[in-house]
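Below is one structure, written out as structure tokens, with a few remarks after it.
In this text, all values refer to a predicted model and were calculated from it rather than measured experimentally. Chain letters run A, B, ... following the sequence lines, proteins first and then strands; every chain starts at 1.
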Protein chains: 2
Amino acid sequence: MAPDITDLPHPDRTDLRLTDVLFALSDPERLAIVRQLADGPLEMAQCHLSDPSTPKSTKSHLMKVLREAGVIRNETLGRGRRLSLRQDDLEARFPGLIGSVLGASVDR
Amino acid sequence: MAPDITDLPHPDRTDLRLTDVLFALSDPERLAIVRQLADGPLEMAQCHLSDPSTPKSTKSHLMKVLREAGVIRNETLGRGRRLSLRQDDLEARFPGLIGSVLGASVDR
DNA sequence: CAATTGGTTCGATATTTTTCGAACCATAAG
DNA sequence: CTTATGGTTCGAAAAATATCGAACCAATTG
């Protein structure tokens with residue numbers, strides 16, 4: 001049977017590409033999502049965008065870019081989704097990178 | 001008199017924006033340029049792209065993106081240009097970032 | 001089972017970024 | 001002064017990304 005739509009593909013730790021990760025982090029909205037997840041996993045419904053009226057399809061697309069780059073994990077939880085930062089995988093593949101990004105002061 | 005075309009604008013250290021820097025570094029060709037400059041300044045003519053037949057206008061545009069993000073400095077030197085990585089400024093503004101990027105293994 | 005909630009996917013359109021030739025500019029060399 | 005070299009800028013076209021509504025799907029609730 002075909003893979004259930006509810007479990008989305010995640011790249012393996014060893015397959016993470018630096019340029020893809022940097023690109024995913026280079027958008028302010030996506031970076032803000034990552035900052036929220038730095039404090040721990042979050043249900044997607046509790047992960048808010050700067051503009052709360054953003055359509056859900058747009059939000060879903062932002063998550064897709066982050067997920068496909070290997071920055072976040074997106075798993076089914078109940079009827080929603082649980083988002084988490086792949087901090088260990090990122091640290092293993094690109095030591096120091098995610099820490100410096102999270103540590104950087106927020107842009108004005 | 002109008003500013004000479006030969007000295008290009010560079011953002012001040014304090015004005016560097018994380019997302020712009022990450023975006024500039026997120027392109028494989030631009031990242032390769034940055035890696036070359038990690039060993040020290042280089043004349044632009046000696047800074048080679050993966051495809052040597054790339055038009056000079058394209059090469060110039062790659063440098064523009066890096067310069068406007070504050071990643072590199074581009075100064076007149078003789079009849080050419082001297083390129084350098086703004087390592088100190090990057091380190092001051094985003095501690096650890098450029099080091100982790102340069103330290104990361106090259107993508108396959 | 002029906003309705004609601006929370007989310008993905010698809011397709012079209014808008015926006016951004018890239019590419020590249022042509023024109024142009026400044027310096028150095030003849 | 002003329003030519004060659006090394007580069008920027010402009011404008012148009014191509015390619016990549018983002019946005020968003022509609023359709024759809026799965027789990028929970030009534």
Side-chain angles (χ1 to χ4, degrees), chain A residues 1-10 17 19-33 37 41-69 71-84, chain B residues 1-10 17 19-33 37 41-69 71-84:
Chain A
M1 79 183 178
D4 195 329
I5 193 180
T6 61
D7 46 329
L8 300 166
H10 292 77
R17 288 183 45 198
T19 48
D20 290 345
V21 169
L22 294 174
F23 180 79
L25 297 173
S26 74
D27 175 73
E29 200 73 58
R30 287 192 299 255
L31 182 56
I33 292 168
L37 297 180
L42 220 52
E43 291 175 52
M44 186 160 170
Q46 311 312 323
C47 187
H48 304 294
L49 301 184
S50 64
D51 177 0
S53 69
T54 302
K56 56 184 180 175
S57 56
T58 299
K59 185 176 181 182
S60 188
H61 180 254
L62 291 169
M63 299 306 176
K64 181 180 185 178
V65 173
L66 288 167
R67 173 179 51 82
E68 291 184 332
V71 174
I72 68 173
R73 206 177 292 283
N74 181 342
E75 301 162 303
T76 296
L77 177 69
R79 77 178 136 186
R81 298 277 172 171
R82 172 190 148 111
L83 303 175
S84 54
Chain B
M1 78 182 175
D4 195 330
I5 193 182
T6 60
D7 44 330
L8 301 167
H10 291 78
R17 288 184 46 199
T19 49
D20 290 346
V21 170
L22 294 175
F23 180 80
L25 297 174
S26 74
D27 175 72
E29 200 72 59
R30 288 192 297 257
L31 182 56
I33 291 168
L37 297 179
L42 220 52
E43 290 176 51
M44 186 159 169
Q46 312 311 323
C47 187
H48 304 295
L49 301 185
S50 65
D51 177 0
S53 68
T54 302
K56 55 185 180 175
S57 56
T58 298
K59 184 176 180 181
S60 189
H61 180 256
L62 291 169
M63 299 306 177
K64 181 181 186 178
V65 174
L66 288 167
R67 173 180 52 81
E68 290 184 335
V71 175
I72 68 173
R73 205 177 294 282
N74 180 341
E75 302 163 303
T76 296
L77 177 69
R79 77 179 133 182
R81 298 277 171 170
R82 172 190 147 110
L83 303 176
S84 53

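In the set D/dT8, C/dT9, D/dT28, the nucleotide with an atom closest to the side chain of B/M44 is D/dT8. With distances taken from any side-chain atom of B/R79 to the nucleotides C/dG7, D/dT9, D/dA4, the minimum falls on D/dA4. Distance from the side chain of B/F23 is smallest to C/dT17 among D/dA27, C/dT17, D/dT8. Which of D/dT19, C/dT9, D/dG7 sits closest to the side chain of A/H61 comes down to D/dT19. For B/P55, taking side-chain heavy atoms from C-beta onward, the closest of the listed nucleotides C/dT9, D/dT9, C/dC20 is C/dC20.
Judged by distance alone with a 3.5 Å cut-off, no donor-acceptor contact links the side chain of A/S60 to the base of C/dG7.
The existence of a salt bridge linking A/E43 and A/R82 is excluded, since no basic side-chain nitrogen approaches an acidic carboxylate oxygen closer than 4.0 Å.
B/R30 comes within 4.0 angstrom of sugar-phosphate atoms only, judged by non-hydrogen atoms across all strands, and of no base. Residue A/D51 is classed as having no contact, given no heavy-atom separation below 4.0 Å to the nucleic acid.
In this model, the phosphate group of C/dT27 is not approached by any side-chain N or O of B/R81 to a distance below 4.0 Å at OP1 or OP2. Side-chain nitrogen and oxygen atoms of A/T58 include at least one within less than 4.0 Å of the OP1 or OP2 phosphate oxygen of D/dC20. Contact check, B/N74 against D/dT8: a side-chain N or O comes under 4.0 Å of OP1 or OP2.
Here the side chains of B/C47 and B/M63 are in contact, with some heavy-atom distance below 4.5 Å.
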